[in-house]
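Computation of the quantities below employed the complete heavy-atom set of this structure, encompassing side-chain atoms and omitting hydrogens, waters and symmetry-equivalent molecules. None of these values were measured; they are calculated from a predicted model.
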Amino acid sequence: MIVGHFGIAYGVRALDTREADARVSLLWLLAAAVAPDMLDGVFALQKYCNPDGVMSHSLPAVAILAAAFGVAAFLHTRNAKTALLVAGVVVLHLPPDYLTGRKGLWPGGPVAGLYMYRWPWLDLLVEVPVIVGGWWMLRKTRYTPRLAVSGLALAVMLTVQCSLDLQMQLRGPQPARPCAR
């Protein structure tokens with residue numbers, strides 16, 4: 001899953017029914033939703049080998065990221081429910097990634113996933129409803145950042161998703177390359 005992670009964060013924020021001043025920040029949820037991917041980016045920038053996403057998307061890695069984000073959110077907000085929601089969104093990163101991609105379950109363990117990226121049109125069919133659904137849910141709630149629920153925000157998310165899927169379609173299926181030697 002690519003942009004669909006934002007749709008999940010939007011949906012979680014929409015389900016937070018606390019008073020406006022106690023609701024979890026959408027920025028916290030958006031960061032938590034892509035935390036494993038941000039860690040992948042850090043590894044890539046450092047040219048660090050992360051075969052099958054085992055250091056960022058495995059069960060132990062996501063548990064550590066969820067704990068770190070939860071603690072950071074608690075220290076920032078002093079709100080346990082916010083911390084739990086943020087940690088939960090980090091964990092929610094995995095199920096859609098196991099649908100669309102292939103990730104190592106733990107270091108030295110098996111690699112799992114349906115790898116829908118082989119068929120970018122199918123990935124698009126899965127991600128668009130998640131993006132639109134989360135956006136629509138958040139749009140219907142009170143005390144929502146206007147920019148986040150604007151038509152422009154939805155258009156940008158859908159454009160990015162379509163562009164990435166088109167790029168995958170044009171490039172063709174990429175063989176798994178655990179690490180360049």
ask   = Are a donor atom and an acceptor atom from the side chains of Ser56 and Asp40 found within less than 3.5 Å of each other?
value = yes

message = Checking Thr82 against Arg18: is there a side-chain donor and acceptor pair closer than 3.5 Å?
response = yes

Hey, what do you get for [atom1] ([X]) to [atom2] ([Y]), rounding to the nearest 0.5 Å?
X	Y	atom1	atom2	value
Leu124	Leu158	CG	CG	8.5 Å
Met168	Trp119	CE	CH2	12.5 Å
His76	Leu27	NE2	CG	9.5 Å
Met116	Leu122	CE	CG	4.5 Å
Leu114	Asp97	CG	CG	12.0 Å
Leu85	Leu29	CG	CG	6.5 Å

May I ask whether [X] and [Y] are part of the same hydrophobic cluster, defined by side-chain heavy atoms of I, L, V, M, F, W, Y residues being less than 4.5 angstrom apart, directly or through others?
X	Y	result
Val128	Val3	yes
Met38	Tyr48	yes
Leu125	Met157	yes
Leu154	Leu164	yes
Leu59	Leu92	yes

Side chain proximity check, [X] to [Y], heavy atoms < 4.5 angstrom:
X	Y	result
Val160	Phe6	no
Lys103	Val111	no
Lys81	Phe74	no
Leu30	Val89	no
His57	Asp37	yes
Asn50	Leu39	no

Short side-chain to backbone donor-acceptor contact, [X] and [Y], under 3.5 Å:
X	Y	value
Glu127	Gln161	no
Trp106	Ser58	no
His93	Ala33	yes
His5	Met1	yes
Arg23	Asp16	yes
Arg139	Ser150	no

task = Anything under 30° is parallel, anything over 60° is perpendicular, the rest tilted; go ahead and classify Phe69 against Trp28.
result = perpendicular

Least distance between heavy atoms, [X] atom then [Y] atom:
X	Y	answer
Pro145	Leu26	CG-CD2, 4.3 Å
Pro120	Asp165	CB-O, 3.3 Å
Ala83	Gly70	CB-O, 3.2 Å
Trp135	Tyr10	CA-CD2, 3.5 Å

